[in-house]
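What follows is a short report on a single structure.
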There are 2 protein chains.
Amino acid sequence: MKAPSPHQPAFRRTRPDARRLALIEACARVMARGGAAGVSVRAIAVEAGVSPGLVSHYFSGIEALVAATYAHVEGAVGETLDHAVEAAGPDPRARLDAFVTTTFAPAIADPQLLATWIAFWSLVTARPAIAAQHDEQYAGSRARLEALLGACGVPATERRRAAIAVSALLDGLWLELCLSPGCFSAEEAGDIARRFLDTLISPDR
Amino acid sequence: MKAPSPHQPAFRRTRPDARRLALIEACARVMARGGAAGVSVRAIAVEAGVSPGLVSHYFSGIEALVAATYAHVEGAVGETLDHAVEAAGPDPRARLDAFVTTTFAPAIADPQLLATWIAFWSLVTARPAIAAQHDEQYAGSRARLEALLGACGVPATERRRAAIAVSALLDGLWLELCLSPGCFSAEEAGDIARRFLDTLISPDR
DNA sequence: ATCGTTGTTGTACGATCGTCCAACAAGCAT
DNA sequence: ATGCTTGTTGGACGATCGTACAACAACGAT
């Protein structure tokens, strides 16, 4: 090597939004590995390969980073579900079934993903801002479900309740699937959810 | 005051099991007040009115105390549900409805109670012993539900699935009711669950 | 080639964490 | 009244936490 360069850079500068995203993804990995209790500024900095000071530079605190990570992971989950629904074609019921099946697919019903939710939930009760963020996320999730149910012929007057019910059933199955994966299978969860949908959607169409 | 006593006792001795229970209840109160993240040996000791060293004396660590607290609170919830079922009389469907209604009653669908569950859940992924404890609790909960469903005429071959489904729906509704109490009411949650039970229980009896 | 900006580093700081253990005293047996 | 058992205290200890900040260096502008 001719090596005219006296040294290689000790670090690389990055566009703020890219660095911010890297920190968020590092936070998600740390939570996935060590659980919600293992998150710390230093662990995240090591995971992202940066100095601990950077976390404070991009986020007002560790809680803000957890909240941003939740928002990011929730967005990714939403995209995965949307793509699955779109790939299912035009038939409304097929789209709803795809939504259910994907909810229990390995990419989403992941014990490591649950750690992000738990870390976020643990802040909901005490922090009003976090509670508001959760309400917003839940409202969005329910709206998506209402649209899918409406396309299947669920009357507008029943959509709200139906969406709350489906959302709760899916969440409950998803939670248990993550907490004790050996108790029942993703296929069973999907069957249970689809059978429930049968009772909500009138067959006369 | 004649006060022949030079001083009043600096502390009172207690039977080990009573002190242990007092620490568990103090842990539950601390979690209810400050969320799952606020639990610490010192906070629990202050809440229980004892010295910090006592926590280490009765429990091998803070995680063991959280696990014991979860077991205790879960037992109390189970008793509340059992009493409600018993008070509902002999009719199987009335007993099942009482189970549902009580699940969403203020005593159980309590945001502060959720903190205990979250603190416990945050340990499930990383600690095998905690995971085993959760599996045991879930199996017990499902068995109780299976018995109630069986009494309502759900065939034995379908009981397992039905219990998983009902348990998931109740858990999902309970979770959302705790996380954002303003989104829907306990009455709505009860109506949704009872309507779901209608679809599981054949009316021909 | 040099400058200016700003993303990044590394550390110091005080607070708080869980754990441990020797000393103490409350209450029962004698 | 006295001694003994043991529940209880209270602080020491090292580790780790979140935060703040002055110095540094990468890199585009000039």
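Lettering follows sequence order; numbering is per chain, from 1. Treat the numbers as computed from the prediction; the structure is a model and nothing was measured.
- Rounded to an integer number of Å, the gap from A/F11 CZ to D/dA23 P is 16 Å.
- Listed by first and then second residue, the ring-ring contact (aromatic ring centres under 6.0 Å, His included) pairs that reach into residues 78-111 of chain B come to none, sequence neighbours excluded.
- Side-chain contact between B/M31 and B/T69 is present, with at least one heavy-atom pair separated by less than 4.5 Å.
- The aromatic rings of B/F184 and A/Y138 lie tilted to each other, with the angle between the two planes from 30° to 60°.
- Counting to the nearest Å, the P atom of C/dA29 and the CZ atom of B/R13 are 12 Å from each other.
- Look at A/Y58 and you won't find any side-chain N or O under 4.0 angstrom from OP1 or OP2 of C/dG7.
- Here D/dC17 presents its P atom at 14 Å from CG of A/L65, a figure rounded to the nearest Å.
- Within a heavy-atom distance below 4.0 Å of DNA chain C, the residues of residues 31-57 of chain A found are A/R42, A/V50, A/S51, A/G53, A/L54, A/H57.
- In the model, A/Y70 has a side-chain atom that pairs as donor or acceptor with a side-chain atom of A/Q137 under 3.5 Å.
- Looking at which nucleotide of DNA chain C each of A/R19 and B/G61 is closest to, the 5′-most match is held by A/R19.
- Checking B/I62 against A/R12, the closest nucleotide of DNA chain C that is more toward the 5' end is the one next to A/R12.
- As judged by a 4.0 angstrom heavy-atom cut-off over every strand, A/F59 is placed among residues making no nucleic acid contact.
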In residues 108-119 of chain B, what donor-acceptor pairs under 3.5 Å come from side-chain atoms, sequence neighbours left out?
from   : atom 1 : to     : atom 2 : distance (Å)
B/D110 : OD1    : B/Q112 : N      : 3.0

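- Considering only side-chain N and O atoms, B/T14 lies nowhere under 4.0 angstrom from the phosphate OP1 or OP2 of D/dG7.
- Computed from coordinates, the A/E63 CD to D/dC17 P distance equals 16 Å when rounded to whole Å.
- Atom CZ in B/R15 sits roughly 15 Å away from atom C1' in C/dG27 (whole-Å rounding).
- Side chains of A/E188 and B/R160 form a contact here, defined as non-hydrogen atoms less than 4.5 Å apart.
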